[in-house]
Novice: 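Below: one structure in structure tokens.
Only heavy atoms go into these numbers, but all of them, side chains included; no hydrogens, no water, no symmetry mates.
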Amino acid sequence: MSKLTLTDIGPDLDRTVRLDDGADVRLGDQDVLVAIEAAPINNADVLFAAGWFGVQPQLPNELGAEGVGRVLRAGSRVDQSLVGRRVLVLPTFRHGTWADETVVPARHVVPVTDRADALQLAMLPVNPATARALLNDYVALEPGDWVGLNLANSAVGQYVVALAKKAGVRTLAVVRSEEAAERIRKLGADVVLVDGEGLGERAVKALDGAQLRLLLEGTGDSTQVAELAPAVEPGGSVVVFAAATGQSPSVPLPDLIYRGISLRAFFILNWLRDTPREELERVYAELAELVAQGVLRAEVEAAYELASYREALAHAQRTGRSGKILFAPGRNAA
């Protein structure tokens, strides 16, 4: 078994990550052994390795938060019908998916369809699940309602646009460049605005008398939140799903007190912890089916074998990428 392991905490992954070959397979009675088909490199993985995430590494720590693969073996207290099935590996940051095989507690895998592309399925556990929760867990949205989102060209933002479009919910998307705006328009966002002077006024004008039921915030830019908050309906919510600037966003005092706008947040590990198992299986089956139908799809820029991990990690940290970077053990792609 080959796997990537974090040996020290810090931002220089070239120094802190190593490839371990021939690692022992120790399968507990409630574990499954999964042959990994694909596993993405997410920004959360990089933050985790640097010690800047909501979970701290326990060195040496296996790497790779999410992925997809097939169950090769199951422990004595696990349903043996899982053997041979394709499963999603849910993120815990304790067992790693940047491996050709990984041992995972059975409660942290979810069976999914064989009818979808493995690279696309590998990205389901975090970003599409986040997008679905953002659209379903805070406000009861109806067709025709408006949702606003910044960082709209992020992976979560793109999935939000796709899921909202399918549900008939209209989206006002904010990005930082015209190039990004064009990509989000092609995904089907109803209004796309480039951040800059008069953003709030342009948003209100574009809504033409309507108001946002929900504003999804991923930048950590309080100035941008202040521009967009007046477009949120009284009593509405601003929900934080990321902080690209590393800052804590805030809602202007008049919107917070006089209009009752609330500031809330979403963290995927809390959602996984608090969601009943039956609901998790239902949600991921639904998302996997949307992948099979082509409704959900993320651009893939490159897939690497584990042996090329240095190149893969460097590629994943480049600015201006057009798509996701994944590990795909056994594939000759880069």
Novice: Would you check if Val225 and Ser250 make a side-chain contact, meaning some heavy-atom pair closer than 4.5 Å?
Specialist: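 They are not in contact (no side-chain heavy atoms under 4.5 Å apart), so the answer is no.
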Novice: State, yes or no, whether a side-chain contact exists between Arg213 and Val169 at a heavy-atom distance under 4.5 Å.
Specialist: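 SC-SC contact between Arg213 and Val169 ruled out.
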Novice: How close do Leu212 and Gly148 get, heavy atom to heavy atom, and via which atoms?
Specialist: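 Closest approach of Leu212 to Gly148, heavy atoms only: CD2-N, 3.6 Å.
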Novice: Which residues pass the salt bridge (Lys or Arg N to Asp or Glu O under 4.0 Å) test with Asp255, sequence neighbours left out?
Specialist: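 With sequence neighbours excluded, Asp255 shows a salt bridge (Lys or Arg N to Asp or Glu O under 4.0 Å) to Arg259, given in chain and number order.
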Novice: Under 4.5 Å between side-chain heavy atoms, hopping through other hydrophobics if needed: is there a path connecting Leu215 to Tyr159?
Specialist: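 Looking at the clustering, Tyr159 is in a separate group from Leu215.
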Novice: For Asp20 and Arg18, which heavy atoms make the closest approach, and how far apart are they?
Specialist: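 Distance-wise, the nearest heavy atoms are OD1-NE, 2.7 Å.
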Novice: So do the side chains of Leu290 and Leu163 get within less than 4.5 Å of each other, counting heavy atoms only?
Specialist: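 Side chain of Leu290 against side chain of Leu163, heavy atoms only: contact under 4.5 Å found.
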Novice: I'd like to check Pro105 versus Gln30 (side-chain heavy atoms, cut-off strictly below 4.5 Å). Are they in contact?
Specialist: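 When only atoms from C-beta onward are counted, Gln30 and Pro105 do not touch, as no gap falls below 4.5 Å.
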Novice: Going from CD1 on Ile41 to OG1 on Thr97, what distance comes out if it is rounded to the nearest 0.5 angstrom?
Specialist: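 It is 9.5 Å, given to the nearest 0.5 Å.
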Novice: Measure the shortest side-chain to side-chain distance between His108 and Arg94 over non-hydrogen atoms and say whether it is less than 4.5 angstrom.
Specialist: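 Sidechains of Arg94 and His108: no contact.
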Novice: For Asn153 and Ala180, work out which heavy atoms get closest and say how close.
Specialist: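 Where Asn153 meets Ala180 most closely, the heavy atoms are ND2-CB, 3.8 Å.
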Novice: Under 3.5 Å, side chain of Glu217 to main-chain N/O of Val240, donor-acceptor pair present?
Specialist: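 No.
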Novice: Treat each ILVMFWY residue as a node, draw an edge where side-chain heavy atoms are under 4.5 Å apart, and state whether Val104 and Val110 are in one component.
Specialist: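 No, it is not one cluster - the side chains of Val104 and Val110 are not joined through contacts under 4.5 Å.
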Novice: Run the side-chain hydrogen bond (donor to acceptor under 3.5 Å, both in side chains) test against Glu178 and tell me which residues pass, sequence neighbours left out.
Specialist: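 Glu178 satisfies side-chain hydrogen bond (donor to acceptor under 3.5 Å, both in side chains) with Arg185 only.
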Novice: Surrounding CD of Glu311 (heavy atoms of other residues, nucleotides or ligands, distance under 6.0 Å), is the total greater than 12?
Specialist: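 For Glu311, atom CD is crowded (more than 12 foreign heavy atoms under 6.0 Å).
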Novice: Asp221 vs Gln247, test: side-chain hydrogen bond (donor to acceptor under 3.5 Å, both in side chains). Steps then yes/no.
Specialist: CA-CA 7 Å; Asp221 184 345; Gln247 303 300 308; over 6 Å; no
Novice: Are the side chain of Trp98 and the backbone of Pro40 linked by a donor-acceptor contact shorter than 3.5 Å?
Specialist: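 The answer is yes, because a donor-acceptor pair under 3.5 Å joins these two groups.
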Novice: From Ser237 OG over to Leu134 CG, what is the distance, rounded to the nearest 0.5 angstrom?
Specialist: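 It comes to 11.5 Å.
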Novice: Would you confirm whether Glu66, through its side chain, and Pro91, through its main-chain N or O, come within 3.5 Å as a donor-acceptor pair?
Specialist: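 Answer holds: no.
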Novice: Does Tyr138 reach the main-chain N or O of Val238 with its side chain, forming a donor-acceptor pair under 3.5 Å?
Specialist: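 Between the backbone of Val238 and the side chain of Tyr138 there is no qualifying donor-acceptor contact (under 3.5 Å).
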Novice: Tell me, do Val89 and Pro125 make a side-chain contact under 4.5 Å, heavy atoms counted?
Specialist: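 With C-beta onward as the side chain, the pair stays apart.
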Novice: Among Asp8, Leu63, Ile9, which residue satisfies the side chain to side chain contact (heavy atoms under 4.5 Å, CB included) criterion with Pro57?
Specialist: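 Among the candidates, only Ile9 passes.
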Novice: Could you tell me whether the side chain of Gln80 and the main chain of Gly75 form a donor-acceptor pair under 3.5 Å?
Specialist: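 Between the backbone of Gly75 and the side chain of Gln80 there is a qualifying donor-acceptor contact (under 3.5 Å).
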Novice: Applying salt bridge (Lys or Arg N to Asp or Glu O under 4.0 Å), name anything that partners Asp114, two or more places apart in sequence or on another chain.
Specialist: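 Only Arg70 meet the salt bridge (Lys or Arg N to Asp or Glu O under 4.0 Å) criterion with Asp114.
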Novice: Of all the heavy-atom pairs spanning Arg86 and Ala116, show the shortest one and how long it is.
Specialist: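 Scanning both residues completely, I find the closest heavy atoms to be NH1-O, 2.8 Å.
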Novice: For the side chain of Ser154 and the backbone of Leu151, is there at least one donor-acceptor N/O pair under 3.5 Å apart?
Specialist: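 Side chain of Ser154 to backbone of Leu151: a pair is present.
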Novice: Would you please test Glu101 and Lys3 for salt bridge (charged side-chain N to carboxylate O under 4.0 Å, His left out) and show each step?
Specialist: CA-CA 8 Å; Glu101 297 177 0; Lys3 62 181 180 180; over 6 Å; no
Novice: In sequence, state the C-alpha distance, the side-chain angles, and the governing distance for Leu172 and Asp190, and then conclude on side chain to side chain contact (heavy atoms under 4.5 Å, CB included).
Specialist: CA-CA 6 Å; Leu172 183 147; Asp190 296 275; over 6 Å; no
Novice: Would Met123 and Leu326 count as a side chain to side chain contact (heavy atoms under 4.5 Å, CB included) if you check the C-alpha gap in whole Å, the side-chain angles of each, and the deciding distance to 0.1 Å?
Specialist: CA-CA 9 Å; Met123 297 180 277; Leu326 298 95; 4.2 Å; yes
Novice: Would Leu287 and Ile268 show up in the same hydrophobic cluster when neighbours are defined by side-chain heavy atoms closer than 4.5 Å?
Specialist: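 Yes, same cluster.
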Novice: Between Arg183 and Glu299, does any NZ, NE, NH1 or NH2 come within less than 4.0 Å of an OD or OE carboxylate oxygen?
Specialist: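 Here Glu299 does not pair with Arg183 in a salt bridge, since their nearest N and O are not under 4.0 Å apart.
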Novice: To the nearest 0.5 Å, what is the distance between NZ on Lys186 and CD on Gln158?
Specialist: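 If we round to the nearest 0.5 Å, Lys186:NZ and Gln158:CD are 12.5 Å apart.
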Novice: So, the side chain of Arg297 versus the backbone of Gln120: is there a donor-acceptor pair under 3.5 Å, distance only?
Specialist: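 Flag not set: sc Arg297 to bb Gln120 has no pair under 3.5 Å.
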Novice: Holding to ring pair (Phe, Tyr, Trp, His ring centres under 6.0 Å), I want the full list of residues that pass it with Phe241, two or more places apart in sequence or in another chain.
Specialist: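 For Phe241, no residue satisfies ring pair (Phe, Tyr, Trp, His ring centres under 6.0 Å) once neighbours in sequence are set aside.
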Novice: Between Ile184 and Trp146, is there shared hydrophobic-cluster membership here, with clusters defined by ILVMFWY side-chain heavy atoms closer than 4.5 Å?
Specialist: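 As far as the 4.5 Å side-chain criterion goes, Trp146 and Ile184 are not connected within one cluster.
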Novice: Quick check for you: to the nearest 0.5 Å, what is the distance between Leu4 atom CG and Arg310 atom CZ?
Specialist: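 If I round to the nearest 0.5 Å, the distance is 10.0 Å.
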Novice: Heavy-atom distance under 4.5 Å between the side chains of Val291 and Thr113, does that happen here?
Specialist: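 Of all side-chain heavy-atom pairs linking Thr113 with Val291, none is under 4.5 Å.
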Novice: Could you tell me whether the side chain of Thr245 and the main chain of Thr219 form a donor-acceptor pair under 3.5 Å?
Specialist: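 Checking the backbone N and O of Thr219 against the side chain of Thr245, a donor-acceptor pair under 3.5 Å is found.
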Novice: Answer yes or no: is there a donor N or O on one side and an acceptor on the other, between the side chain of Asp79 and the main chain of Ser81, under 3.5 Å?
Specialist: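 Yes, because the side chain of Asp79 sits within donor-acceptor range (under 3.5 Å) of the backbone of Ser81.
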Novice: Does any pair with a residue in residues 51-86 pass ring pair (Phe, Tyr, Trp, His ring centres under 6.0 Å), and if so which ones, sequence neighbours excluded?
Specialist: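 Only Phe53-Phe93, Phe53-Phe267 qualify under ring pair (Phe, Tyr, Trp, His ring centres under 6.0 Å).
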Novice: If you look at every heavy atom in Ala122 and Ala39, which pair is closest and at what distance?
Specialist: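 Scanning both residues, the minimum pair turns out to be CB-N, 4.1 Å.
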Novice: Do you know the tightest heavy-atom contact between Leu228 and Ala203?
Specialist: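 Looking at all heavy atoms of both residues, the closest pair is CD2-CB, 4.0 Å.
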Novice: Within the supplied structure, the quantity of interest is the number of heavy atoms (other residues, nucleotides, ligands) at a distance under 6.0 Å from Gln317 CD; does it exceed 12?
Specialist: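 Count over threshold, so yes.
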Novice: Determine whether Val71 and Ile36 fall in the same hydrophobic cluster, where Ile, Leu, Val, Met, Phe, Trp and Tyr are linked whenever their side-chain heavy atoms lie under 4.5 Å apart.
Specialist: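 Yes, it is one cluster - the side chains of Val71 and Ile36 are joined through contacts under 4.5 Å.
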Novice: Side-chain contact, heavy-atom cut-off 4.5 Å: Leu119 with Lys324?
Specialist: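 Heavy-atom side-chain distance check fails, nothing below 4.5 Å.
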Novice: Determine whether a donor-acceptor pair (N or O, by modelled atom type, separation under 3.5 Å) exists between the side chain of Asp21 and the backbone of Ser2.
Specialist: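 A pair under 3.5 Å: no.
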Novice: Decide if atom CG of Asp29 counts as having more than 12 heavy atoms of other residues, nucleotides or ligands within a radius under 6.0 Å.
Specialist: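 Above 12, so yes.
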Novice: How far does CG of Leu193 sit from CZ of Arg202, to the nearest 0.5 angstrom?
Specialist: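 It comes to 5.5 Å.
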Novice: For a side chain to side chain contact (heavy atoms under 4.5 Å, CB included) check, start with the C-alpha distance between Leu313 and Asp14, then their side-chain angles and the critical distance, and finish with the verdict.
Specialist: CA-CA 8 Å; Leu313 294 174; Asp14 200 50; over 6 Å; no
Novice: Which residue pairs satisfy the side chain to side chain donor-acceptor pair (under 3.5 Å) criterion with at least one member in residues 274-283, sequence neighbours excluded?
Specialist: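 As it turns out, the side chain to side chain donor-acceptor pair (under 3.5 Å) pairs with a partner in residues 274-283, which skip direct neighbours, are Trp271-Thr275, Arg277-Glu281, Glu279-Arg282.
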Novice: Does a salt bridge link Asp195 with Arg176, judged by any charged N lying under 4.0 Å from a carboxylate O?
Specialist: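 Looking at Arg176 together with Asp195, the answer is yes, because their closest N to O distance falls below 4.0 Å.
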Novice: Calculate, to the nearest 0.5 Å, the distance between atoms CG and CG belonging to Leu90 and Leu272 respectively.
Specialist: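 Nearest 0.5 Å value for the CG-CG distance: 5.5 Å.
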Novice: Count the heavy atoms of every other residue, nucleotide or ligand shown that sit under 6.0 Å from CZ of Arg77, and state whether that count exceeds 12.
Specialist: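 Counting other residues, nucleotides and ligands, CZ of Arg77 stays at 12 neighbours or fewer.
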